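Everything quoted here is computed from the prediction, not taken from an experiment.
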There are 2 protein chains.
Amino acid sequence: MGRKRTKPGKIRLTEVAELAGVSPITASRFFRNPEALSLTKRVRVESAAKELGYVPNLAARALASQRTEVIGVLIPSLTNNVFSDVLRGIYDAVDGSRYSVQLANTRYSILQEEKLLRLFLAQKPAGLIVTGIDQTPESRSIMESVDCPIVQLMETGPDPVDMMIGFSHSDACRAAISHLFAQGCRRIGFLGARMDPRVQRRFDGYVAIMKEASLYDPRLVVTTPLPTSVTLGGALLADLLTKAPDTDAVFCANDDLALGVLFECRRRHISVPEQMAISGFNDLEFMASAVPTLTSVRTNRYEMGRDAATMVIEAIEGRRPEQRVVDLGFTVMERQSSMRRT
Amino acid sequence: MGRKRTKPGKIRLTEVAELAGVSPITASRFFRNPEALSLTKRVRVESAAKELGYVPNLAARALASQRTEVIGVLIPSLTNNVFSDVLRGIYDAVDGSRYSVQLANTRYSILQEEKLLRLFLAQKPAGLIVTGIDQTPESRSIMESVDCPIVQLMETGPDPVDMMIGFSHSDACRAAISHLFAQGCRRIGFLGARMDPRVQRRFDGYVAIMKEASLYDPRLVVTTPLPTSVTLGGALLADLLTKAPDTDAVFCANDDLALGVLFECRRRHISVPEQMAISGFNDLEFMASAVPTLTSVRTNRYEMGRDAATMVIEAIEGRRPEQRVVDLGFTVMERQSSMRRT
DNA sequence: ACCACTATTGACAGCGCTACCAAGCGATTG
DNA sequence: CAATCGCTTGGTAGCGCTGTCAATAGTGGT
């Protein structure tokens, strides 16, 4: 004999089936596809399960069925407010479904992402949500050869692996710069920290529109690979003003930087927006209540997470969405920090 | 016969064992306890596994061993910066170990927490990290009857279920109020949002020290069950000034509120700290770079998460920590927003 | 040389559940 | 009235791994 037998107190599917007077396989079906049972058996199994307090053993289920009910989520950071909003959306959509979330943090490394991807896929997740469209070629081909639904998050672009939900960072940045143009700003600086692919694309949008207006000047650009922070926003503005003292506006690649810029302007007695217009990006909650209120680009982060999870779940259950690529758009929230003409 | 046989391409432990020329059980031991093997077999199994690209099937392992390598984490919110720092600590400590994190969000509901706890424990996690010390009696007895290590996070208190790591919110609040006393403040308001148990204990500390100084006045207290935000900080200050126009300082139960108060003071041309001293709580990054810089109580959130996860892992592996209750303390970061006498 | 003892290794029998196939059954059809 | 169909139900045989125990090999003491 192998080992000591199962602890007698343990409720297995067999016990439920016995109490309900059906075969184990029928009881099993009840939990996976109740409609397949006749009404009488369905009721009997249900009450038996409730009476015994049965909880399915997920490990056994996964082993026998070669599938799990786990949705893997790969995000680059847990700290960034942007991702916590996205995550909240994902968890809200997944809670209440039969699925659960397995979260992993790539720390902005696509090599780490590739590693985690392999790890996830070895456990046969039901679905996958990944951040961005800049996977390694290996990651890409791993994802393409896998048979679970995948959503790429945060950006839109050509050539989705499977599904995609996000918006155009480049266009969003262009819209913010256009707004600054309309306010009469010409020497518009670009501040960026942690140049991840999303920030890079915002930067591309900035360069393009500035060049189109023949206003591009490399001295107006200050970026750093350091992680973003409010303090850093102040430091980057200081750099910018050293390189280009005639700067009349700054586009900050995220809102933390914008807040830091606002504080730095106060410190230096630079009036906002008269001497310096400011635009942030993401429209975090505090932007609307700063003094002056801060212009930003609203992105639909919560919705992005929620809809991504919903798309994955629908696809798992065989209901593929009509459109594989969803653009959630953005809105330039024009506020005091950039309103020169009113 | 039951079903179609395993897809031939699939690498199982058996294949690894075969290639290495050992029995499957020996190969199995290699992955769980390499030291138990002789050097030769260890090397042979290792290279065989690498050559075949073997990845263990966790479902099978969990089923056979009746254990998992999952650490369940229950937190009340994904949005709050405080928890994202804690989570980052947890993930940092768990990444690189054999364990993985299963995260669930209680949404500040202890009933939800109880439900999730049952769900987790049914899957036999290797360890558990829960937030706070205010579980329902049922949750409490469930946790006590379970045999995996458990860490309670965020607070210290008597009577841990198992282990505990945090600090005294009441003492931390008292320390901040003492500092405001030392600066000559007497009419010190308390602003609180989302009155979760931690905030409640900060409030208890406030009431106690104010009463000791015979300065307690209910008109100085403004709280709301609404979730916290910067905007809300401004609104709460407005309420406070209506009820108690002679307020000369505010203690904000978190930093978002403090930032909102700062902005509201600017809006109303109330000078900080001369007319109004401000203290926040948690010491988020932006506090040090606001203008004026904002006083806050630094809490060691990242360390809390990291150490909690480390304690759980150590305990799982049989190395119980000497002290079951760890107090990580706090530091009042005295900054411009409260420095009246310099 | 013999024995107790430890360090390695292997055989066996499941862990709890589900995929696959087939059988039972009443209803429908030619 | 037999053949057919669709729906429900059950039997069988694993899914890939590990706990338990026994067997074997190696060690040093007397």
A.B. asks: For B:Asn300 and B:Glu303, indicate whether the former's side chain and the latter's backbone hold a donor-acceptor pair under 3.5 Å.
C.D. replies: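 No, because the side chain of B:Asn300 does not come within donor-acceptor range (under 3.5 Å) of the backbone of B:Glu303.
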
A.B. asks: What are the two closest heavy atoms between B:Ile313 and B:Ser97, and how far apart are they?
C.D. replies: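 Smallest heavy-atom distance, with atoms named: CD1-OG, 3.8 Å.
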
A.B. asks: What's the CZ-P distance between A:Arg67 and C:dG16, to the nearest Å?
C.D. replies: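 The answer, rounded to whole Å, is 20 Å.
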
A.B. asks: Just report the end-to-end axis angle for the helix from C:dA1-D:dT30 to C:dG30-D:dC1, five pairs per end, to 10 degrees.
C.D. replies: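 Overall, the helix from C:dA1-D:dT30 to C:dG30-D:dC1 bends by 40° from one end axis to the other.
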
A.B. asks: Whether A:Glu138 and A:Arg118 form a salt bridge (side-chain N of Lys/Arg under 4.0 Å from carboxylate O of Asp/Glu) is what I want to check.
C.D. replies: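 The answer is no: the pair does not qualify as a salt bridge.
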
A.B. asks: Just to confirm, is there a sub-4.0 Å distance from OP1 or OP2 of D:dC17 to any side-chain nitrogen or oxygen of B:Tyr54?
C.D. replies: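 Checking D:dC17 against B:Tyr54, a side-chain N or O does come within under 4.0 Å of OP1 or OP2.
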
A.B. asks: Please state how far atom CZ in B:Arg12 lies from atom P in D:dG14, giving the value in whole angstrom units.
C.D. replies: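 B:Arg12 atom CZ is separated from D:dG14 atom P by 12 Å.
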
A.B. asks: Do any side-chain atoms of residues 151-161 of chain A form donor-acceptor pairs under 3.5 angstrom with protein atoms, and if so which ones, sequence neighbours left out?
C.D. replies:
{"unit_1": "A:Gln152", "atom_1": "OE1", "unit_2": "A:Val161", "atom_2": "N", "d": "3.0"}
{"unit_1": "A:Gln152", "atom_1": "NE2", "unit_2": "A:Gln135", "atom_2": "OE1", "d": "3.3"}
{"unit_1": "A:Glu155", "atom_1": "OE1", "unit_2": "A:Arg201", "atom_2": "NE", "d": "2.3"}
{"unit_1": "A:Glu155", "atom_1": "OE1", "unit_2": "A:Arg201", "atom_2": "NH2", "d": "2.8"}
{"unit_1": "A:Glu155", "atom_1": "OE2", "unit_2": "A:Arg198", "atom_2": "NH1", "d": "3.4"}
{"unit_1": "A:Glu155", "atom_1": "OE2", "unit_2": "A:Arg201", "atom_2": "NH2", "d": "3.2"}
{"unit_1": "A:Asp159", "atom_1": "OD1", "unit_2": "A:Arg140", "atom_2": "NH2", "d": "3.3"}
{"unit_1": "A:Asp159", "atom_1": "OD2", "unit_2": "A:Arg140", "atom_2": "NH2", "d": "3.3"}

A.B. asks: Tell me the interatomic distance from B:Glu69, atom CD, to D:dT18, atom C1', rounded to whole angstroms.
C.D. replies: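 After rounding, the gap between these two atoms is 12 Å.
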
A.B. asks: Residues of residues 23-47 of chain A with any non-hydrogen atom less than 4.0 angstrom from an atom of DNA chain D: list those, numerically ordered, please.
C.D. replies: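 Here the set is A:Ser23, A:Ile25, A:Thr26, A:Arg29, A:Ala36, A:Leu37, A:Ser38, A:Lys41.
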
A.B. asks: Side chain to side chain donor-acceptor pair (under 3.5 Å) with B:Ser28: which residues, sequence neighbours excluded?
C.D. replies: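 Side chain to side chain donor-acceptor pair (under 3.5 Å) list for B:Ser28, sorted by chain: B:Arg32.
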
A.B. asks: Rounded to whole Å, how long is the line connecting atom CG of B:Asn57 with atom C1' of D:dT18?
C.D. replies: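 These atoms are roughly 13 Å apart.
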
A.B. asks: Between D:dC15, C:dC17, C:dA19, which nucleotide has the shortest distance from any of its atoms to the side chain of A:Leu63?
C.D. replies: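 It is D:dC15.
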
A.B. asks: OP1 or OP2 of C:dG14 less than 4.0 angstrom from a side-chain nitrogen or oxygen of B:Gln66, does that happen here?
C.D. replies: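 Looking at the OP1 and OP2 atoms of C:dG14, neither is under 4.0 Å from any side-chain N or O of B:Gln66.
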
A.B. asks: Can you name the atoms? Protein N/O to nucleotides 22-24 of chain D N/O, anything below 3.5 Å, with the distance.
C.D. replies:
none

A.B. asks: Calculate the interatomic distance between A:Leu13 atom CG and C:dT18 atom C1'; express it in whole Å.
C.D. replies: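 After rounding, the reported distance stands at 9 Å.
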
A.B. asks: So, applying side chain to side chain donor-acceptor pair (under 3.5 Å) with B:Tyr302, which one of B:Asp85, B:Asp92, B:Asp307 is it?
C.D. replies: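 Going through B:Asp85, B:Asp92, B:Asp307 one by one, the side chain to side chain donor-acceptor pair (under 3.5 Å) with B:Tyr302 is satisfied by B:Asp92 alone.
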
A.B. asks: Can you confirm whether the side chains of B:Glu114 and B:Thr136 place a donor and an acceptor under 3.5 Å from each other?
C.D. replies: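 The answer is yes; a qualifying pair exists.
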
A.B. asks: Once salt bridge (Lys or Arg N to Asp or Glu O under 4.0 Å) is applied, do any residues pair with A:Asp327, and if so which ones, sequence neighbours excluded?
C.D. replies: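 A:Asp327 satisfies salt bridge (Lys or Arg N to Asp or Glu O under 4.0 Å) with no residue once adjacent residues are dropped.
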
A.B. asks: Please check if the number of heavy atoms outside A:Asp147 that lie under 6.0 Å from its CG is greater than 12.
C.D. replies: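 Open: at most 12 neighbouring heavy atoms sit under 6.0 Å from CG of A:Asp147.
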
A.B. asks: Among side-chain atoms of B:Ser23 and B:Thr26, is any donor-acceptor pair under 3.5 angstrom?
C.D. replies: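 Yes, a side-chain donor-acceptor pair sits under 3.5 Å.
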
A.B. asks: Short question: side chain of A:Arg67, backbone of A:Lys124 - any donor-acceptor pair under 3.5 Å?
C.D. replies: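 It does not hold such a pair.
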
